[in-house]
Amino acid sequence: MVDISPDTIILLESGFVTLNATVVFTWLVMALIVFIAWLVTRKLSVEPPLSRSQNLLETIVDYMRSQIREITQDDSDTYLVFSGTLFLFIAVSNLLTIVPGYHPPTGSLYTTAALAICVFFAVPIYGISKMGTVAYFKRYMQPTVFMLPFNIIGELSRTLALAVRLFGNIMSGTMIVAMLLAVVPFFLPVIMQVLGLIIGFIQAYIFAVLATVYIASATRVHQVKPQEIR
């Protein structure tokens, strides 16, 4: 049976330094995204004919903008950097599973928890920047002050749900493929691998959409009128 979690795969160990597959492949994914972005954008053109890579990049960005605009009913550029980065990182991490020897960092609960924590802090940052500190935190006491602990628990529970949902789906896909490889080492695992790629892309989309929904709700739901702050 192959290793399931990338946390258990030690690639380098020297003294106090231990690098497992989660850390190494996380940095490789980030480096790959940065390199591709640099490669595509170094010769941008506003006049046709545009290169195929620029057309592909603009198509991806336009798609993300349209999705964000539909969710938030607001300026998509406000959320594009954060939500778009989440989507690209998770999607690339999952799609690279076709490379032999690669283990998706999203198969580690540490990675998915870190992504969920980023969303957890992004929500108040966006909310405060748009509504102000007093107005944002006052929404936790709507419709009554007794709702404060429940609203806080809700914030924490959805952060946990984000992490566990992504981790569970990626981990389950890896386990199924590993078991099928041990039993039926030919065509069926290949089919499951293709399905795993589709599921990985869908999970990236769902994670980014939920993050955008949480952030948008922090800036729109229960907005406090100026006279209520006094």
Side-chain angles (χ1 to χ4, degrees), residues 1-12 18-42 51-61 63-64 67 80-119 162-182 185-212:
M1 181 66 70
V2 297
D3 292 299
I4 300 299
S5 174
D7 294 330
T8 63
I9 305 173
I10 306 301
L11 301 180
L12 177 63
T18 300
L19 294 179
N20 57 25
T22 301
V23 175
V24 172
F25 289 124
T26 296
W27 280 95
L28 284 177
V29 169
M30 292 190 295
L32 179 62
I33 294 175
V34 171
F35 174 74
I36 293 176
W38 171 80
L39 195 65
V40 174
T41 59
R42 64 193 179 111
S51 64
R52 293 180 180 178
S53 58
Q54 182 175 341
N55 276 322
L56 177 61
L57 179 63
E58 291 185 359
T59 300
I60 294 174
V61 173
Y63 175 75
M64 290 191 295
Q67 292 296 306
L80 179 63
V81 174
F82 183 74
S83 298
T85 300
L86 284 177
F87 171 76
L88 289 177
F89 175 78
I90 299 173
V92 173
S93 296
N94 296 340
L95 294 178
L96 285 178
T97 52
I98 60 175
V99 178
Y102 172 83
H103 298 271
T106 46
S108 167
L109 186 58
Y110 293 105
T111 301
T112 58
L115 294 174
I117 290 173
C118 289
V119 177
L162 272 178
V164 174
R165 180 188 292 109
L166 180 59
F167 166 75
N169 281 281
I170 303 304
M171 175 65 76
S172 61
T174 303
M175 292 179 63
I176 291 174
V177 171
M179 289 186 292
L180 288 176
L181 282 172
F186 293 107
F187 299 105
L188 190 56
V190 175
I191 297 175
M192 293 303 300
Q193 189 77 11
V194 174
L195 291 177
L197 292 178
I198 298 175
I199 293 173
F201 183 83
I202 294 175
Q203 289 303 314
Y205 175 80
I206 292 175
F207 193 99
V209 166
L210 288 176
T212 305

Worksheet entry | Full working for side chain to side chain contact (heavy atoms under 4.5 Å, CB included) between T112 and L109 | CA-CA 5 Å; T112 58; L109 186 58; 3.6 Å; yes
To the nearest 0.5 Å, what is the distance between [atom1] ([X]) and [atom2] ([Y])?
| X | Y | atom1 | atom2 | value |
| --- | --- | --- | --- | --- |
| F207 | T106 | CZ | OG1 | 10.5 Å |
| M64 | T85 | CE | OG1 | 8.0 Å |
| I33 | L28 | CD1 | CG | 11.5 Å |
| L19 | L11 | CG | CG | 7.5 Å |

Atom of [X], atom of [Y] and distance for their closest heavy-atom approach:
| X | Y | value |
| --- | --- | --- |
| A91 | A204 | N-CB, 3.5 Å |
| C118 | F82 | O-CZ, 3.7 Å |
| Y102 | S93 | OH-O, 2.8 Å |
| S53 | V40 | O-CG1, 3.6 Å |

Heavy-atom distance under 4.5 Å between the side chains of [X] and [Y], does that happen here?
| X | Y | answer |
| --- | --- | --- |
| V61 | L80 | yes |
| L56 | I60 | yes |
| L162 | L115 | no |
| V119 | L86 | yes |
| Y110 | V23 | no |
| N20 | I10 | yes |

Discussion item. Can you classify the ring geometry of Y205 versus Y63 as parallel (below 30°), tilted (30 to 60°) or perpendicular (above 60°)?
Written reply: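 Aromatic pair Y205/Y63 classed tilted.
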Worksheet item: Between F87 and F201, what is the ring plane arrangement, given parallel below 30°, perpendicular above 60°, and tilted in between?
Response: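 Rings of F87 and F201: perpendicular, over 60°.
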Practice prompt. Test side chain to side chain contact (heavy atoms under 4.5 Å, CB included) on F25 and L96 and set out the steps.
Written response: CA-CA 10 Å; F25 289 124; L96 285 178; over 6 Å; no
Any side-chain to backbone donor/acceptor pair from [X] onto [Y]? Under 3.5 Å, distance only.
| X | Y | value |
| --- | --- | --- |
| T212 | S83 | no |
| N55 | E58 | no |
| T97 | N94 | yes |

Item to complete: Using a cut-off of 6.0 Å, state whether more than 12 heavy atoms not belonging to R42 lie near its atom CZ.
Response: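 Enclosed.
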